[in-house]
Engineer: 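Encoded as structure tokens, here's the structure I'll be asking about.
Note that the structure is predicted; figures quoted are calculated from it, not measured. We count ligands from 1, going down the list as the structure has it; atoms in each ligand are counted the same way.
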Amino acid sequence: MANCAIVGINWGDEGKGRMVDLLTQDHDVVVRYQGGGNAGHTVINEKGKFALHLLPSGIFRDGVVNILGNGVALDPENLWQEICQVRGQGVRLTPENLKISDRASLLLPWHRDLDELEERRLGDKKFGSTKQGIAPFYSDKYQKKTVLAGELFYPAHLKAHLLDLMEWKNLTLTRVYGAEAYTEAKLDAWLESACEKIRPFVCDTGAFLRQAQEAGKKILFEAQLGSLRDLDFGIHPYTTSSNTTAAYAPIGSGFPGAKIDRVLGVVKAYSTCVGEGPFVSELFGEEGDRLREAGGEYGAKTGRPRRVGAMDLVATAYGVQVQAATELALTKLDVLSGMEKIPVCHAYQLGDEVSTTFPFPTALPAARPVIDHMPGWQEDLSNIRRWEDLPQAARDYVNRIEQAVGCPIRYISVGPERERIIVKY
Ligand code: GDP
């Protein structure tokens, strides 16, 4: 099996982590290429249950090298905490199996403050940020107002660079938001408590990836969030601040020449969405509450209840197209067991028009879901391992999704544990 990108087709939280954990058995290197520690990937395997935020989901397999590429928002404090936590759960993490790109930009301490201050300023108009500093970080990255991880090897230069940035950022903090200014002492503490700790992991990961490819190693690219949160193709402005698409993987991983042979899109068997913004197939009241409880739909990072909705074929077909997915994994099908009938949103009503085309973001809040219902099933699916053994109603549901979105569903997951999976072909 060749290089593969595992990406989200919807709004994130589709279960990408469990698919990366599964597919690492066929790969040698796993790379996170965008985003930060603002979302969580949940992985359950023989080593325990883990909520990963920035670490690639391949860290549990012996012999797999994990890389944080130049495209990620590298928060040294949070990353170090996560490393300590995962090590505390018995996972081996060394510079041999975890490598950080020297070209990754550092999320600086004030980025989180700025996120918080801006959400507070927005009040009712807030975007529902996770307040991890991701948007301020990416803005500064593109303004070239942050530092690269590789600068940790040049302490005198680094200190002068950071002091320059601090002087500039203090203007915004104090004059725009009336917040406290940063001091050199605070920066020194951050350098010592977090940056020094992660420095041993920093190296030229681009060179490592090129050599790995030449040696015939197989690379897995792991994305965060999903198509609809992509900075360029998502539901602007309720997107994240990076590209969640597979096409960005070669750039964000530090290996621009990478060839991606498979794009595995992960789709949840129903819809969920965290934070603000239009969510056309949203279910409210008892129907929504029931699905939220059955699926345990609470944020891995924030604990926030996720908004839940019917399978949205319009958004999912668009997500598949944006990712150029070559195959799909449908997760959490087990959660739908016990429903008498299952709602499916197969079109949007916009004024007088009914359409299956995903609209321009500005038109999205006015879209109304066109929903029909499919027969449900009562059986518990969690011990089923073969497609033929699924109840007919479950197969009909999967087939309908496959047809509507125009991409084969290869995997169907029926539980969070590694082995609870049906491989269809
Ligand atoms: P990610 O960010 O895309 O990796 O998704 P999350 O980890 O945030 O959300 C997926 C959640 O669903 C996690 O709690 C998983 O353990 C869980 N999960 C994944 N696949 C399945 C499945 O097939 N069935 C059930 N019941 N839970 C699943």
Side-chain angles (χ1 to χ4, degrees), residues 5-24 30 32 34-45 47-60 82 130 132 220-230 240 244 246 264-275 290-308 311 316 319 323 325 328-339 380-385 390 394 397-398 401 409-424:
I6 297 191
V7 295
I9 294 295
N10 307 117
W11 297 263
D13 306 315
E14 297 94 346
K16 295 174 293 296
R18 66 107 62 236
M19 292 310 299
V20 176
D21 180 58
L22 182 77
L23 264 68
T24 47
V30 178
R32 267 285 308 266
Q34 48 76 226
N38 52 331
H41 292 195
T42 310
V43 177
I44 303 176
N45 55 33
K47 294 191 171 148
K49 179 173 179 177
F50 302 86
L52 300 180
H53 300 295
L54 194 55
L55 287 172
S57 308
I59 53 166
F60 308 106
E82 196 177 333
T130 51
Q132 296 295 307
L220 192 64
F221 301 93
E222 176 180 13
Q224 181 215 28
L225 294 167
S227 308
L228 300 163
R229 300 291 189 196
D230 182 88
T240 194
T244 59
L264 172 62
V266 186
V267 178
K268 202 183 277 190
Y270 50 94
S271 302
T272 61
C273 164
V274 177
R290 202 209 139 269
L291 203 50
R292 183 178 303 107
E293 286 308 314
E297 297 298 348
Y298 296 89
K301 178 86 188 178
T302 57
R304 287 192 287 187
R306 294 178 182 146
R307 297 159 74 190
V308 295
M311 161 56 69
T316 303
Q323 295 288 11
L328 298 177
L330 186 71
T331 59
K332 297 191 115 168
L333 191 65
D334 55 301
V335 171
L336 299 181
S337 289
M339 287 173 78
D380 172 11
L381 307 186
S382 54
N383 289 318
I384 295 179
R385 298 289 173 272
L390 281 173
Y397 185 69
V398 176
I401 297 168
I409 294 177
R410 182 171 193 167
Y411 304 92
I412 296 160
S413 93
V414 288
E417 298 83 4
R418 192 182 272 172
E419 67 284 0
R420 292 197 194 271
I421 193 97
I422 297 168
V423 183
K424 203 172 153 213

Engineer: Decide yes or no for Val7 and Phe221: does some side-chain heavy atom of the first lie under 4.5 Å from some side-chain heavy atom of the second?
Structural biologist: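 Val7 does not reach Phe221 side chain to side chain.
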Engineer: What part of Val414, side chain, backbone, both or neither, has a heavy atom within less than 4.0 angstrom of ligand 1?
Structural biologist: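 Backbone only.
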Engineer: Could you give me the CA-CA distance, side-chain angles and deciding distance for Asp21 and Arg418, then say whether salt bridge (Lys or Arg N to Asp or Glu O under 4.0 Å) is met?
Structural biologist: CA-CA 7 Å; Asp21 180 58; Arg418 192 182 272 172; 2.9 Å; yes
Engineer: Quick one, Leu291 and Leu336 - any side-chain contact, counting heavy atoms below 4.5 Å?
Structural biologist: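 They are in side-chain contact.
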Engineer: For ligand 1 and Gly12, I'd like to know whether there is a polar contact (N/O to N/O, distance under 3.5 Å).
Structural biologist: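 The answer is no, given that Gly12 and ligand 1 share no N or O pair closer than 3.5 Å.
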Engineer: For the CD1 atom of Ile401 and the CG atom of Leu330, what is their distance to the nearest 0.5 Å?
Structural biologist: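 Output value for this atom pair is 5.0 Å.
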Engineer: Look at ligand 1 and say whether Gly8 reaches it with a heavy atom at a distance under 4.0 Å.
Structural biologist: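 For ligand 1, residue contact (heavy atoms, under 4.0 Å) with Gly8 is absent.
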Engineer: Is any side-chain heavy atom of Arg420 closer than 4.5 Å to a side-chain heavy atom of Asn383?
Structural biologist: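 Yes, side chains in contact.
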Engineer: Any heavy-atom pair between the side chains of Leu333 and Tyr397 that's under 4.5 Å?
Structural biologist: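 The answer is yes, as the side chains (C-beta and beyond) meet within the 4.5 Å cut-off.
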Engineer: With sequence neighbours excluded, tell me which residues meet side chain to side chain contact (heavy atoms under 4.5 Å, CB included) with Glu14.
Structural biologist: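 Side chain to side chain contact (heavy atoms under 4.5 Å, CB included) check on Glu14 returns Asn10, Lys16, Val266.
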Engineer: Considering the heavy atoms of Arg18, write down every atom of ligand 1 situated less than 4.0 Å from one of them.
Structural biologist: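 Counting atoms of ligand 1 from 1, those under 4.0 Å from Arg18 are 19 (C), 20 (N).
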Engineer: At a 4.0 Å threshold, what atoms of ligand 1 neighbour a non-hydrogen atom of Val335?
Structural biologist: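 Result: 26 (N).
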Engineer: Which atoms of ligand 1 have any heavy atom of Gly415 under 4.0 Å away?
Structural biologist: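 Taking each heavy atom of Gly415 in turn, ligand 1 has 21 (C), 22 (C), 23 (O), 24 (N), 25 (C) under 4.0 Å.
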Engineer: Taking 4.0 Å as the limit for heavy-atom contacts, which would you say applies to Asp334 with ligand 1: side chain only, backbone only, both, or neither?
Structural biologist: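 The answer is the side chain.
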Engineer: Consider every N or O of Leu333 and every N or O of ligand 1, then say whether any pair is closer than 3.5 Å.
Structural biologist: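 By distance alone, the answer is no.
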Engineer: Considering only heavy atoms of Arg306, which atoms of ligand 1 have at least one such atom less than 4.0 Å away?
Structural biologist: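 Within the 4.0 Å cut-off of Arg306, ligand 1 contributes 8 (O).
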Engineer: To the nearest 0.5 Å, what is the distance between NZ (Lys332) and OG1 (Thr272)?
Structural biologist: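 Nearest 0.5 Å value for the NZ-OG1 distance: 7.0 Å.
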Engineer: Below the 3.5 angstrom mark, is there an N/O of Ile44, backbone or side chain, next to an N/O of ligand 1?
Structural biologist: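 Min N/O separation from ligand 1 is not below 3.5 Å for Ile44.
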Engineer: I need the atoms of ligand 1 closer than 4.0 Å to a non-hydrogen atom of Gly17, numbered in the order shown.
Structural biologist: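 Once the distances to Gly17 are compared, the set is 4 (O).
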Engineer: What part of Lys332 sits under 4.0 Å from ligand 1 if we count only heavy atoms: the side chain, the backbone, both or neither?
Structural biologist: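 Lys332 to ligand 1: contacts from backbone and side chain alike.
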Engineer: Short list, please: which atoms of ligand 1 are under 4.0 Å from a heavy atom of Ser413?
Structural biologist: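 Checking each atom against Ser413, I get 20 (N), 21 (C), 22 (C), 23 (O).
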Engineer: Considering only heavy atoms from C-beta outward, does the side chain of Leu390 approach that of Ile412 to under 4.5 Å?
Structural biologist: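 They are in side-chain contact.
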Engineer: Check whether any N or O atom of Glu14, backbone or side chain, sits under 3.5 Å from an N or O atom of ligand 1, and answer yes or no.
Structural biologist: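 The answer is yes, given that Glu14 and ligand 1 share an N or O pair closer than 3.5 Å.
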